[in-house]
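Structure first, then comments.
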Amino acid sequence: MDTLSLIKQPIEAELVDFIDLFNNALDHEDGLLQMVLNHIKQRAGKRMRPILILLIAKNFGKVSSITQHAAVGLELLHTASLVHDDVVDEAAERRGQASVNADYDNKVAVLVGDYVLSTALLHVSYTHSEMIVRRLAELGRTLSDGEILQLSNIQNKEVTEEVYYKIIERKTAALFETCAAIGAESAGATEEQVEAARLFGKNLGIVFQIRDDIFDYYDSEVEIGKPTGNDFAEGKLTLPIIYALNATQNEDMMRLIHKVKAHNVTHEEVETLVRFAKENGGIEYAQRRMWDFHAEAQGFIDKYVKDETIRTSLQTYLDYVIKRRK
């Protein structure tokens, strides 16, 4: 059995129900809107976030209609944020497929993103849970806050780990922690259990993002060839280069970082920065920090997950996030 199948095993039937509910939420009779919604459906990905909601709910009780509508609401909110992010970033692709703004235009992308966001609010209202509605609303605010913080940080001359963690906590980690928290709440977990699940999701999300950031320093999973350097091209600084800069206080590299933030760095300079980060322990440091957060997340599984099948699934999920190759 492959890794993703093992992760899904305890919630296979529930995941099928989720996918049906999610796809139905993006059905519409209007021609143009339906075309764009179908475009969005085709880039579903691995469903890692809804899988987490369903697994956590099943761990603390059962997957109910409350769980399913909360999962659809969260996934739609995330989907809307990606559509809007592509407009902000002027991105031409998302998961190897043309972005909505590239295939249509910015006006259509913004309006469809608004439609998807409203549909998310509709589904979360079906939970009749004030706490779940509040968590989804807070997530929307937090995701926007993270994007704005990331944009403003490009103008910041300081290079600190503190700001890096603030950004990823408001973006990737916020999604995973909300998934885990609402999964627990939908199953009637205690306040202590919900908080433990939330922290599990947060640590999981931080691991996920650091792993993603490390990928940008390599061109392929066999770790050869030229780096992609997409983060540098977008003015973003990630943990490997932040560590290397602070460890060495290299003024030449800092000048290149200022060019990164000004969006006028060359491809050759990006390669220089990537090589500098690797040669000065940046990748190793980022990997150590990943395992620190992995250990924090492991504590939740050890204490709160008793069912052997669900334990195997969540353990595989956690290990997959840190060991994945793409």
Side-chain angles (χ1 to χ4, degrees), residues 7 10-11 14-15 18 21-22 46-81 117 120-146 165-209 293-307 310-311 313-315 317-318 321:
I7 291 171
I11 44 108
E14 293 90 342
L15 186 58
F18 164 82
L21 191 61
F22 180 85
K46 299 183 181 72
R47 310 277 190 190
M48 296 303 286
R49 278 161 285 268
I51 286 171
L52 180 60
I53 295 174
L54 301 179
L55 284 172
I56 294 293
K58 199 153 193 178
N59 179 64
F60 288 115
K62 68 175 184 177
V63 174
S64 64
S65 63
I66 294 174
T67 311
Q68 293 285 16
H69 283 296
V72 169
L74 186 139
E75 191 71 349
L76 288 170
L77 173 63
H78 177 49
T79 301
S81 73
L117 176 59
L121 299 177
L122 182 63
H123 273 271
V124 77
S125 76
Y126 294 152
T127 68
H128 302 290
S129 166
E130 181 183 347
M131 182 56 72
I132 291 176
V133 171
R134 185 183 304 168
R135 285 197 186 275
L136 265 291
E138 288 176 347
L139 175 61
R141 284 159 50 100
T142 301
L143 293 174
S144 298
D145 181 24
Y165 284 118
K166 280 183 179 178
I167 291 171
I168 66 173
E169 284 171 8
R170 285 162 171 77
K171 294 181 67 180
T172 310
L175 277 162
F176 281 92
E177 70 175 286
T178 303
C179 284
I182 66 174
E185 280 168 341
S186 73
T190 66
E191 285 187 19
E192 176 199 326
Q193 291 168 334
V194 171
E195 178 61 13
R198 184 189 70 80
L199 289 174
F200 169 73
K202 179 179 180 179
N203 288 315
L204 183 67
I206 293 173
V207 171
F208 189 97
Q209 188 58 57
F293 289 108
H294 181 283
E296 292 289 328
Q298 184 67 52
F300 169 82
I301 295 175
D302 293 343
K303 183 175 180 180
Y304 290 98
V305 185
K306 306 303 180 185
D307 181 275
I310 297 173
R311 183 184 180 87
S313 180
L314 281 173
Q315 186 69 62
Y317 191 121
L318 176 59
V321 166

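In this structure Arg141 satisfies the side-chain hydrogen bond (donor to acceptor under 3.5 Å, both in side chains) test with no other residue, sequence neighbours excluded. Under the side-chain hydrogen bond (donor to acceptor under 3.5 Å, both in side chains) criterion, Thr67 pairs with Ser64, Ser186, sequence neighbours left out. Phe60 meets the ring pair (Phe, Tyr, Trp, His ring centres under 6.0 Å) test with no other residue; sequence neighbours excluded. In this view, Gln68 satisfies the side-chain hydrogen bond (donor to acceptor under 3.5 Å, both in side chains) rule with no residue, not counting sequence neighbours. For Thr79, the side chain to side chain contact (heavy atoms under 4.5 Å, CB included) partners at least two apart in sequence or on another chain are Phe22, Ile40, Glu75, Val116.
A side-chain donor-acceptor contact under 3.5 Å links Lys58 to the backbone of Pro10. Side-chain atoms of Asn203 come within 3.5 Å of backbone N or O of Leu199 as a donor-acceptor pair. Between the side chain of Ser144 and the backbone N or O of Gly140 there is at least one donor-acceptor pair closer than 3.5 Å. A distance-only check finds a donor-acceptor pair linking the side chain of Lys306 to the backbone of Lys303 [under 3.5 Å]. Within the 3.5 Å criterion, the main-chain N or O of Met48 finds a donor-acceptor partner in the side chain of Tyr317.
In this structure the side chain of Leu54 never reaches within 4.5 angstrom of the side chain of Arg49, judged on heavy atoms. With a 4.5 Å cut-off on side-chain heavy atoms, Leu121 and Leu76 do not count as touching. Side-chain contact between Ile11 and Ile51 is present, with heavy atoms from C-beta onward closer than 4.5 Å. Looking only at side-chain heavy atoms (C-beta outward), Thr178 and Ile182 come within less than 4.5 Å of each other. You'll find the side chain of Glu296 stays beyond 4.5 Å of the side chain of Phe200, heavy atoms only. Counting heavy atoms from C-beta on, the side chains of His69 and Leu21 come closer than 4.5 Å. In this structure, Leu74 and Cys179 have side chains that are in contact, with non-hydrogen atoms separated by less than 4.5 Å. Residues Phe18 and Ile53 have side chains not in contact (no heavy-atom distance under 4.5 Å, counting atoms from C-beta outward).
Expressed to the nearest 0.5 Å, how far CD1 of Ile56 lies from CD1 of Ile310 amounts to 9.0 Å. One finds the CG atom of Leu55 at 8.5 Å from the CD1 atom of Ile7 (value rounded to the nearest 0.5 Å). From Gln315, atom CD reaches atom CD1 of Ile301 across 4.5 Å, with rounding to the nearest 0.5 Å. Note that OG of Ser125 and CG of Leu136 are 10.5 Å apart. Values are rounded to the nearest 0.5 Å. Separating the CD atom in Glu195 from the CD atom in Glu191 is a distance of 9.5 Å, to the nearest 0.5 Å.
No salt bridge links Arg134 with Glu138; every basic N to acidic carboxylate O contact stays at or beyond 4.0 Å.
Taking both residues in full, the closest heavy atoms of Ala120 and Leu77 are given as CB-N, 3.6 Å, listed atom of the first, atom of the second, then distance. For Ile206 against Ala173, the heavy-atom pair with the smallest separation is CG1-CB, 3.9 Å. Residues Leu117 and Ala80 share a closest heavy-atom pair of N-CB, 3.7 Å. Scanning all heavy atoms of the two residues, the minimum distance from Val133 to Thr127 falls at CG2-OG1, 4.3 Å. Residues Ala297 and Leu318 share a closest heavy-atom pair of CB-CD1, 3.8 Å.
Ring planes of Phe300 and Tyr304: parallel class, angle under 30° (limits at 30 and 60°). Taking the six-membered ring for Trp and thresholds of 30 and 60 degrees, Phe176 and Phe208 have ring planes inclined between 30 and 60 degrees apart.
Pairs engaging residues 170-179 under the salt bridge (Lys or Arg N to Asp or Glu O under 4.0 Å) rule: Asp145-Arg170, Glu147-Lys171, Glu177-Arg198 [sequence neighbours left out].
Side-chain N/O atoms of Gln209 and Tyr165 include no donor and acceptor closer than 3.5 Å.
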